[in-house]
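Predicted, not measured: the structure shown is a model, and the values here were computed from it.
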Amino acid sequence: MLTRPTAQSLRVTGQTLIVGAIGAALAEIANAPIAVLTGPALLVSVAALAGLRTGIDDTVRNLVFLLVGVSIGSGVDASSAQAMLRWPLAFAALGVMLWATLWLCGQILQRGFAMDRRSAYLAAAPGHLSFVVGLSTGLGLDTTRIVVIQSVRLLALTLTVPVIALAFGFELTGQVLPSGAPMHWIDLFNLLALGYMLGHALDKIGLPAPLLIGGMVASSVGHATALTPGFMPNWLAYAGLMTVGTLIGARFNGLTRAAFAQSLGAGLLVTALTVLMALAAALPVALALGFDPAHVLVAFAPGGLETMIAMGIVLGANPGFVAAAHVARLLYLTVMLPAFVGRIKRD
């Protein structure tokens with residue numbers, strides 16, 4: 001799970017992260033949506049397609065997944081847990097919608113784009129990009145194509161958020177990281193240590209992306225019980241997300257124009273179908289609960305967690321409901337994706 005990196009691997013990792021940091025900086029200057037992810041992904045992918053050797057060392061990647069898992073889990077709090085109890089119909093509908101979306105889009109990618117079964121389901125996942133990357137890498141699947149399709153989904157949904165906000169007459173800031181008091185360093189250390197121990201145990205039973213899951217579980221429990229309040233320090237969360245974006249771009253090595261064009265079309269189709277599925281689930285739930293359909297759609301939309309929560313707040317939606325829905329989506333996918341793709345086959 002954690003091995004000593006070689007000097008060459010660290011050198012490649014270093015130059016890749018430098019390119020990713022430049023991409024993030026340029027995207028921030030351009031006020032691009034979710035610059036911390038889109039900037040590195042775009043610039044590193046261009047550099048990789050231009051011939052630069054890119055990659056992230058496995059140990060560095062796994063440690064980053066642990067950080068990202070803890071950061072994701074910090075989105076769970078007492079209000080999120082209470083919301084899951086107050087609106088069971090919404091979360092039941094969300095679970096059914098996610099399962100149906102995974103199955104439908106996975107079938108289309110298998111039959112229409114000649115993808116193998118496990119790669120198709122990961123590419124069809126409506127969200128949880130860092131987890132998808134971790135699973136794909138651990139299973140040795142067609143990560144490049146999965147990342148292209150997932151990146152198209154993320155970029156398409158991210159770029160539409162300002163348009164939606166504008167259509168409702170609101171302004172959306174470029175804030176991506178959650179605002180709030182940072183958690184105490186002792187709490188952060190404890191969560192990382194507990195997440196690592198859980199990840200080590202999960203690795204023993206062959207669960208994919210064990211450190212990512214371990215960190216997320218530890219942090220979710222700690223925040224839902226209010227034992228570890230607060231968020232990961234912004235600079236650390238930013239570094240983790242930037243590395244995930246860099247990892248996305250680093251997967252473009254050796255990708256042909258034909259393969260990119262094919263994956264681009266698949267990504268746009270999956271995005272359109274996913275949005276339609278979210279809309280089909282959101283409308284009856286909104287009618288049953290007496291909510292504004294736009295609020296439920298934002299809660300069900302498979303976009304970036306922070307972006308969709310921010311969008312919900314801007315639209316005046318119940319923040320507990322929106323946050324709980326997106327946390328539930330991540331938790332649902334954490335269970336569904338390994339079930340769809342199967343366990344890691346060890347050598």
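- A pairwise comparison of heavy atoms in Thr54 and Ala48 identifies OG1-CB, 3.7 Å as the closest pair.
- Counting all heavy atoms, side chain and backbone alike, Ala124 lies closest to Cys105 at CB-CB, 3.4 Å.
- Within the 3.5 Å criterion, the main-chain N or O of Leu98 finds no donor-acceptor partner in the side chain of Arg329.
- Formation of a donor-acceptor pair under 3.5 Å by the Glu28 side chain with backbone atoms of Gly39 is not found in this model.
- The shortest distance between side-chain heavy atoms of Leu337 and Leu102 falls below 4.5 Å.
- Ala41 is linked by a side chain to side chain contact (heavy atoms under 4.5 Å, CB included) to Ile248, counting only residues two or more places apart in sequence or in another chain.
- Residues passing the ring pair (Phe, Tyr, Trp, His ring centres under 6.0 Å) test with Tyr121, sequence neighbours excluded: Phe340.
- Met277 and Val296 fall within a single hydrophobic cluster, where Ile, Leu, Val, Met, Phe, Trp and Tyr are joined by side-chain heavy atoms under 4.5 Å apart, directly or via other members.
- With hydrogens and angles disregarded, no donor-acceptor distance shorter than 3.5 Å links the side chain of Tyr196 to the backbone of Leu66.
- In this structure, Val221 and Thr225 approach most closely via the heavy-atom pair O-OG1, 2.7 Å.
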Applying side-chain contact (heavy atoms from CB on, under 4.5 Å), run through Leu287 and Leu283 and close with a yes or a no.
CA-CA 6 Å; Leu287 181 63; Leu283 290 178; over 6 Å; no
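- Side-chain contact, Thr228 with Asp187: no donor N or O sits under 3.5 Å from an acceptor N or O.
- Connection of Met242 to Val44 is not established within any shared hydrophobic cluster, with ILVMFWY side chains joined at heavy-atom distances below 4.5 Å, either directly or through further cluster members.
- Each of Phe65 and Phe189 belongs to its own hydrophobic cluster when Ile, Leu, Val, Met, Phe, Trp and Tyr are linked at side-chain heavy-atom distances under 4.5 angstrom.
- Side-chain contact between Arg53 and Gln8: present, with at least one pair of heavy atoms (C-beta onward) separated by less than 4.5 Å.
- Residues Leu247 and Val12 do not share a hydrophobic cluster, defined by chaining ILVMFWY side chains whose heavy atoms lie under 4.5 Å apart.
- In this structure, the side chain of Asn62 engages the main chain of Asp58 through a donor-acceptor pair within 3.5 Å.
- Leu188 places a side-chain heavy atom less than 4.5 Å from the side chain of Met232.
- Atom CE of Met115 is separated from atom CG of Leu109 by 6.0 Å, given to the nearest 0.5 angstrom.
- Cluster annotation: Ile149 is connected to Ile146 through the hydrophobic network of ILVMFWY side chains, with a link wherever side-chain heavy atoms come within less than 4.5 Å.
- Annotation: side chain of Leu191 is in contact with side chain of His223 (closest heavy-atom distance under 4.5 Å).
- A distance-only check finds no donor-acceptor pair linking the side chain of Ser219 to the backbone of Gly215 [under 3.5 Å].
- Put simply, CG on Leu104 and CG on Leu276 are 10.0 Å apart, with the number rounded to the nearest 0.5 Å.
- Residues Trp185 and Pro233 are in side-chain contact: their nearest non-hydrogen atoms beyond the backbone lie under 4.5 Å apart.
- Here the straight-line distance linking atom CG of Leu10 with atom OG1 of Thr59 works out to 8.5 Å at 0.5 Å rounding.
- With sequence neighbours left out, Ile18 forms a side chain to side chain contact (heavy atoms under 4.5 Å, CB included) with Ile22.
- Side chain of Ser220 to main chain of Met216: a donor-acceptor pair is present (N/O by atom type, distance under 3.5 Å, no hydrogens or angles).
- Thr16 has its side chain out of reach of Leu52: every pair of non-hydrogen atoms, C-beta onward, lies at least 4.5 Å apart.
- For the atom pair CG (Leu333) and CH2 (Trp99), the distance works out to 14.0 Å, reported to the nearest 0.5 Å.
- Residues Asn190 and Leu194 are not in side-chain contact: their nearest non-hydrogen atoms beyond the backbone lie 4.5 Å or more apart.
- The side-chain heavy atoms of Thr243 and Leu67, taken from C-beta on, include no pair separated by under 4.5 Å.
- Of all non-hydrogen atoms in Ala328 and Leu94, the two that sit nearest each other are CB-CD2, 4.1 Å.
- Within the 3.5 Å criterion, the main-chain N or O of Asp57 finds a donor-acceptor partner in the side chain of Thr13.
- Side-chain N or O atoms of Thr246 include none that pairs as donor or acceptor with a backbone N or O of Pro40 at under 3.5 Å.
- Once rounded to the nearest 0.5 Å, the distance linking CG of Leu279 with CG of Leu297 reads 5.5 Å.
- Nearest heavy-atom pair across Ala278 and Phe300 is CB-O, 3.9 Å.
- The two residues Val335 and Pro338 come nearest to each other via the heavy atoms O-CD, 3.5 Å.
- A donor-acceptor pair under 3.5 Å links the side-chain atoms of Gln150 to the main chain of Ala125, judged by distance alone.
- A distance of 12.0 Å separates CG in Leu202 from CE in Met197, rounded to the nearest 0.5 Å.
- Of the possible donor and acceptor atoms, none in the side chain of Ser136 sits under 3.5 Å from a partner among the backbone N and O of Val132.
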